[in-house]
Amino acid sequence: MPETWTDVILETGCPELEHLIALRAKGWQDEKLDQAFTRQRYIADNADKNLNMTWYKRSMTVMEEIDNYARCITPTGPLRFLDLGCCPGGFTSYVLERNGMARGLGVSLPVDQGGHVCCLEARARNRFQLYFADVTSFFQLSSSVIAHPRLRPGPPQMKPATFDLVILDGHQLRTQICDYSQPWDIDRLLISQIILALQCVRTGGKMVVKLTHPERVLTAKIIYLLDILSEDLVTFKPETMHTTRGSFYAIATGVGNGAEGAQMQEMIEGLQRAWLETTFGGVEGNGRNADGSDFDFVITTRDLQATYLGRLVELGRDIWNIQAEALDTWFKRQGIL
Ligand SMILES: C[S@@+](CC[C@H](N)C(=O)[O-])C[C@H]1O[C@@H](n2cnc3c(N)ncnc32)[C@H](O)[C@@H]1O
């Protein structure tokens, strides 16, 4: 019997993932890797204005890559978009440049809570509204009213079913300043963004979702969820940024019009239960990590294995491949391999 979900995938025969896992195992044994990661983390956590501007420009290129691959930004006609975790603003800048009629709303962590500053050029700002807030703290993340000092209303412009495109690129920051910080904030951030996106995207709209590690069961269930709700789903790993990491983008088209599009509300409610658990559940009532079983309302792991494994491997193959190639090159450069 396979022990983990990754083993389940490997048992189907997936040389790309096998290669990646072997490379990671080799790299982790070398202490040079630890030192390299410590250096990288230090630089990221102490980003100055110049580095922020570099991230801004590189994010613009990443969105261009995603768009070239998935054709997700309509270049003409009105386009309303919501960009969650939008700063420094490269994705937004690309969308506004690509479509002169696009109008957007962005939500990003306040700078005094450790969030990034916005680098968007002044000329783009008249078609974009920026709202600084922690997206994990909005009332609408819960299906019932919860009176807790950490919760507040979301931006009034974030109305249900209004946006043609919702981008989810919020990334948990080690530098976040928050009275309620917990190690599982990374799960809360992802779940919160998916709830808000599914609430706010119009039927037939698009979503661009940053995910990590398709070989993890939680990620696999989120991919499945997007797949059944949407008419079309593709995955893409940009080649200009974070190639050595496990991150990638899932691009869903025709959200709400998929085979199980009618289940949208039910799925949002399941996600809201997962948000509640990760925020106020656990032994001490201050949340806990999410695990695969929190997403059994989408599909059980057994059914995922029985019905979706082939499709998952098809969606994961290029991502594992690109990461493995990048790691191989990087390890060699560090003198690790
Ligand atoms: C990878 S950056 C996004 C880059 C962006 N897509 C761009 O094009 O410039 C991740 C962003 O998520 C934001 N973020 C992290 N935690 C957040 C939270 N809880 N609420 C809102 N934004 C958050 C960070 O401040 C950061 O700006």
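All residue numbers in this chain count up from 1 along the given sequence. Numbering of ligands and ligand atoms starts at 1, following listing order. This structure is a prediction, so every number in the text was calculated from the model and none was measured.
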Q: In Å, rounded to the nearest 0.5 Å, how long is the span from CZ of Arg41 to CG of Asn46?
A: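 One gets 13.0 Å once the value is rounded to the nearest 0.5 Å.
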Q: Which residue pairs satisfy the side-chain hydrogen bond (donor to acceptor under 3.5 Å, both in side chains) criterion with at least one member in residues 72-86, sequence neighbours excluded?
A: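 Listed by first then second residue: Asp83-Thr92.
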Q: Counting heavy atoms only, which of Val95, Val107, Asn52, Leu109 comes nearest to atom 21 (C) of ligand 1?
A: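 Comparing heavy atoms across Val95, Val107, Asn52, Leu109, the nearest one to atom 21 (C) of ligand 1 lies in Leu109.
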Q: How far is atom 20 (N) of ligand 1 from its nearest protein heavy atom, and which residue and atom name does that atom have?
A: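 Looking only at protein heavy atoms, the one closest to atom 20 (N) of ligand 1 is Val135 N, 3.0 Å.
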Q: What do you reckon, does His171 have a nitrogen or oxygen under 3.5 Å from a nitrogen or oxygen of ligand 1?
A: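 Among all N and O atoms of His171, at least one is under 3.5 Å from an N or O of ligand 1.
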Q: Would you mind finding which of Leu173, Thr92, Val117, Asp169 brings a heavy atom closest to atom 6 (N) of ligand 1?
A: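 When every heavy atom of Leu173, Thr92, Val117, Asp169 is considered, Asp169 comes closest to atom 6 (N) of ligand 1.
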Q: Is the closest heavy-atom distance from Met63 to ligand 1 below 4.0 Å?
A: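 No, Met63 has no heavy atom closer than 4.0 Å to ligand 1.
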Q: Tell me whether Gly170 has any N or O atom under 3.5 angstrom from an N or O of ligand 1.
A: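 No - when backbone and side-chain N and O of Gly170 are compared with those of ligand 1, no distance drops under 3.5 Å.
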Q: Output the list of atoms in ligand 1 that are nearer than 4.0 Å to some heavy atom of Asp134, sorted by atom number.
A: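 Within the 4.0 Å cut-off of Asp134, ligand 1 contributes 18 (C), 19 (N), 20 (N).
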Q: Using a strict 4.0 Å cut-off to heavy atoms of Cys86, name the atoms of ligand 1 that fall inside it.
A: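 So the atoms of ligand 1 that pass are 5 (C), 7 (C), 9 (O).
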Q: Considering distance alone, does some N or O of Asp83 sit under 3.5 Å from an N or O of ligand 1?
A: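 In this structure, Asp83 places no N or O atom under 3.5 Å from an N or O of ligand 1.
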Q: Can you tell me the protein heavy atom closest to atom 3 (C) of ligand 1 and the distance?
A: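 Protein heavy atom with the smallest distance to atom 3 (C) of ligand 1: Gly85 O, 3.2 Å.
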Q: Can you sort out which atoms of ligand 1 are near Gly89, meaning under 4.0 Å from one of its heavy atoms?
A: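 Contacts of ligand 1 toward Gly89, numbered from 1: 7 (C), 8 (O), 9 (O).
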Q: Which atoms from ligand 1 have a heavy atom of Ser59 less than 4.0 Å away?
A: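 The list of qualifying atoms is 7 (C), 8 (O), 9 (O).
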Q: Below 3.5 angstrom, do we get any N/O pair linking Cys87 and ligand 1?
A: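 Yes - when backbone and side-chain N and O of Cys87 are compared with those of ligand 1, one distance drops under 3.5 Å.
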Q: With heavy-atom distances below 4.5 Å as the criterion, would you say the side chains of Arg103 and Phe128 are in contact?
A: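 Counting from C-beta outward, Arg103 and Phe128 never come under 4.5 Å.
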Q: Looking at Arg123 and Glu97, does any basic side-chain N land under 4.0 Å from a carboxylate oxygen?
A: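 Salt bridge present between Arg123 and Glu97.
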Q: So, Arg216 and Asp291, do they make that salt bridge, N to O below 4.0 Å?
A: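 Salt bridge between Arg216 and Asp291, a charged N being under 4.0 Å from a carboxylate O: no.
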Q: Quick one: are Phe138 and Leu196 in side-chain contact, heavy atoms under 4.5 Å?
A: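 Yes, their side chains come closer than 4.5 Å.
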Q: Using the ring-ring contact (aromatic ring centres under 6.0 Å, His included) rule, collect all pairs that involve residues 181-215, keeping only residues at least two apart or in two chains.
A: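 Checked against ring-ring contact (aromatic ring centres under 6.0 Å, His included) - neighbours excluded - no pair reaches residues 181-215.
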Q: Step by step, work out the salt bridge (Lys or Arg N to Asp or Glu O under 4.0 Å) result for Arg98 and Asp67.
A: CA-CA 10 Å; Arg98 175 92 176 115; Asp67 188 32; 3.1 Å; yes
Q: Tell me the contacting part of Ser93 for ligand 1: side chain, backbone, both, or neither, using a 4.0 Å heavy-atom threshold, strictly below.
A: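 Neither part.
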Q: So, regarding Leu189 and ligand 1 (criterion: nitrogen or oxygen to nitrogen or oxygen, under 3.5 Å), is there a contact or not?
A: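 No; the residue has no nitrogen or oxygen that sits under 3.5 Å from a nitrogen or oxygen of the ligand.
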Q: For atom 8 (O) of ligand 1, what's the nearest protein heavy-atom neighbour? Residue, atom name and distance, please.
A: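 The closest one turns out to be Phe91 N, 2.7 Å.
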Q: Closest approach of Pro214 and Phe248, non-hydrogen atoms and distance?
A: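 Pro214 and Phe248 have their closest heavy atoms at CD-CE2, 3.5 Å.
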Q: Look at atom 26 (C) of ligand 1 and say which protein heavy atom is nearest, naming residue and atom and giving the distance to 0.1 Å.
A: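 For atom 26 (C) of ligand 1, the nearest protein heavy atom is His116 ND1, 3.2 Å.
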Q: Side-chain heavy atoms nearer than 4.5 Å, only ILVMFWY residues, links allowed to pass through others: does that put Leu79 and Leu105 together?
A: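 No; tracing contacts between hydrophobic side chains, which count when under 4.5 Å, never links both residues.
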Q: Give the atoms of ligand 1, by number and element, whose distance to some non-hydrogen atom of Gly115 is under 4.0 Å.
A: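 Those atoms are 25 (O).
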Q: Could you check if a side-chain atom of Arg188 sits within less than 4.5 angstrom of a side-chain atom of Trp275, using non-hydrogen atoms only?
A: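 Heavy-atom side-chain distance check passes, below 4.5 Å.
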Q: Using a heavy-atom cut-off of under 4.0 Å, does the side chain or the backbone of Lys210 touch ligand 1, or both, or neither?
A: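 The answer is the side chain of Lys210.
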Q: Going by heavy atoms, is Ala133 under 4.0 Å from ligand 1?
A: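 Within the 4.0 Å threshold, so yes.
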Q: Determine whether the aromatic ring centres of Tyr249 and Phe236 lie less than 6.0 Å apart.
A: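 Ring centroids of Tyr249 and Phe236 are no less than 6.0 Å from each other.
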Q: When you compare the side chain of Leu198 with that of Leu229, does any pair of heavy atoms fall below 4.5 Å?
A: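 Leu229 vs Leu198: side chains touch.
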Q: Heavy atom under 4.0 Å from ligand 1: found in Ser192's side chain, backbone, both, or neither?
A: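 No part of Ser192 is near ligand 1 at this cut-off.
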